[in-house]
Amino acid sequence: MKTLYRDKFQSVNDIKSRLESADYICSEQIATCVYIAHHLQKPVMVEGPAGVGKTELAKTTARILDVPLVRLQCYEGLDEAKALYEWKYAKQLLYTQLLKDKLGELLDGATDLRQSMDRIHDHEDLFFSESFLEPRPLYQALHHDTGCVLLIDEVDKSDHEFEAFLLEVLSDFQVSIPELGTIAARVKPLVFLTSNNSRELSDALKRRCLHLYVPYPDEKLESRILATRVPELSEQLRKEIVSFVQSVRELDLKKVPSISETIDWAKTLVLLHSEALDAALVRQTLNVLLKFETDIEAMREHTMTFINKAHKRSAG
Amino acid sequence: MQQTLEDFYKVVRAAGVKISPVDSIETSRSVQLVGFRDRQILKNAFQVSLAKSETEQDVVAECFEQFFKFDAFGMGQVPIEQMGHEQRQSESANTDDPIPMEGYDGDLPLAKMLLDRDKASLATEMKKAAREVGLSDIWFFTQKSLYSQQIMQKMGLRDLQNEIARAGDGDCPGGVALANALREAKDYLAEEVRDFVEQQLSMYGKNTARNLREEHLSAAKLSNIEQRDFHIMHDLVRKMARRLSTQYSKKKKRENRGQLDFRKTLRSNAAYDGLLFETHWKTKFIDKPRLLVMCDVSGSVQAYARFLLLFVYSLNDVLNRIDSYVFTGNLIPVNDIFERYPVEQAIDVIMDNYGMGGSDYGTTLLDLEDQCMDDIDNKTTVLILGDARNNFLEPRSEVMQLLYQRAKRVIWLNPEPENFWKTGDSVMYKYRPYCHLASCCNTLVHLERMLDDLLKSATATI
């Protein structure tokens, strides 16, 4: 088995700058984790609240490694047939129908049942070969000649059975298909698993992975992310937005705005040609930042305080 | 270096993070990969490799800061790459330090180091000695002086004492001065070693005290536990409930597996000459066990009520389908309160509004019959927490009988020991025949055993 493009990343800082050049501003911890995962070929379990860039990390890594991204979205009830492979039953049936005459020829001259069976036995594997196999994401990931980044998204939504099944894939990078035998990865993929912590994952799975927790970004990081993602934004407004969002995160809300919401909000404000935050503007656009009516209600009384704080911050 | 890493793993383990041998091997590989040059990167590498959750990441970070501090003998932080090697640069003088003394021509290395004020070498020697005596195994504060002594001995205390005695012997003023200087230096050394041992204890023995306390609390009678331990108890109960709920959900899933529905499959495949290529599966059986919990909050169980409620609250947190009630006389649903408030507040609200007063189990059971009996079926488990002290009122055991017939299981947890069940106004003996399980429960261990049993039965195949 070939190893994954070992020389692509030289150091932690190299990864950091490359991710940055692909518009993904990350902390040192994220870069270190990707570096270790890349060189030791270990999967990374990325945890953190929704919208902090967990999925984006996998996508960007695929982009800078210049390999395809294979994504497996997990949900309750996901099983091997949807994740690994499935036989193309309809195709198999169609072929048996089409080849009926051929089968007749094949069996021609057979004197008894046993002889007929033996003749069929010689050919039966044809119907269970790769051409009748419908590859699903995990199978695809193992089969890429160039290697790939495999993103197993929201693994906490899947069942315990599926989690157990993943163990074989993640530790040996191989899977067993009863009809075909064990299939090992041509090139080990770089695996990212993301989780929103909706349920506790098993220790066995956690143990096989590096653990990366992506928190909400601090003020400095968020400001840099905004500058990269929404370059049209004026510096003053950027500072105000960041300060405002940071204050909002301290409130006790149902859904705290994450970085993706900050970016959306910034884009909205740019679209509205705003130069600074004011009460009316915030009130009109708050639904971009907060997703629940109760949160928007709870936010109302703090709006002015936060805006003033943001103004002070940007002036200072 | 390997030894240093192992010591670090020990510290992290002591702080409560589980590290398996494979974890430590993998982490050592990660560390080898990133190197020791950059402190922050090294710390990140430890965090992503050792921790398995967000809180563990913080724990690892804290341990890292503590472990790689190097402040023995008043030294500041040194770069990691110099760890374990001798560091010879001199440090600025500290007012507490012994005065360096010139002209020592003896051949005792420890005395020389002390008099030359060679802190780096002293620190190195001390760490070496600490490793030799196995300081990383320190657990309790009572071991502090033992380890301090052992380290001093390893560093050459005996020779130092002999040297002091020899120098002080005789009238030579130089000798006496040397003896005094050495004596002072010895005290300084003892103090530093003691500080060092204390610091190590705080790392290696971090959780021992808490574990001991938790162990004690699990076995203590619930009525004897003090208010200040309430949050520890809460953690314990939650931990317990979560562990059991994980087992519970696993079992539930196993039963959900479908089976091939032959009849339907054959019927729909008749069109294909009977080839079974469109399969149908039996609708998945979803076991939805229901739990109804009733907790007595009257005066007689006052001492237990808080903990029983805590237990009910934790159950509410981890199990989805649970109906909680409290009672003294009437039955009061409290699911809402549990959802609305954090634990302590919720319990206070319940105790303030509904607590105290004499219990009347008869009224409670009649209420139960009125409000809930229709919903109780052979999938419902009923859990009653109370002492069955009925203040000589009508026990209404016929409702219990009905409950027993309808529900899948009726479990009664009584804080009083079994031989009290027939005394005074207790009507437990009347209710007992109508319980699938009636048991004394007044410690956390009891509670855990009961809960385990309860979940087992709640998930058993029907």
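In the text below, chain A, chain B and the rest are named by the order of the sequence lines, each starting its count at 1. All values derive from a computational prediction rather than experimental measurement. These values consider heavy atoms only, across backbone and side chains, with no hydrogens, waters or symmetry-generated copies.
The salt bridge (Lys or Arg N to Asp or Glu O under 4.0 Å) pairs that include a residue from residues 33-42 of chain A are A/Lys42-B/Glu26, where partners are two or more places apart or lie in different chains.
No donor-acceptor pair closer than 3.5 Å links the side chain of B/Glu54 to the backbone N or O of A/Glu47.
Applying the 6.0 Å contact sphere to CD of A/Gln97 captures more than 12 heavy atoms from other residues, nucleotides or ligands. Counting heavy-atom neighbours within 6.0 Å of A/Tyr95 OH, excluding the residue itself, gives a total of 12 or less.
Heavy-atom distances place the side chain of B/Ser20, and not its backbone, under 4.5 Å from chain A.
Here CZ of A/Arg207 is found 13.0 Å from CD1 of B/Ile19. Values are rounded to the nearest 0.5 Å. Distance check, rounded to the nearest 0.5 Å: CG of A/Leu212 to CD of B/Gln47 gives 10.0 Å.
Heavy-atom proximity under 4.5 angstrom to chain B picks out A/Glu28, A/Gln29, A/Thr32 from residues 24-32 of chain A. Contacts between residues 87-94 of chain A and chain B, defined by a heavy-atom separation under 4.5 Å, are made by A/Tyr89, A/Ala90, A/Leu93.
Across B/Asn44, B/Asp23, B/Val22, the residue that shares the most heavy-atom pairs under 4.5 angstrom with chain A is B/Asn44. With chain A as partner, the option from B/Leu50, B/Ile41, B/Val34 having the largest number of non-hydrogen pairs under 4.5 angstrom is B/Ile41.
Checked against side chain to side chain contact (heavy atoms under 4.5 Å, CB included), B/Ser30 has the following partners two or more places apart in sequence or in another chain: A/Ile36, A/Leu40, B/Ser49.
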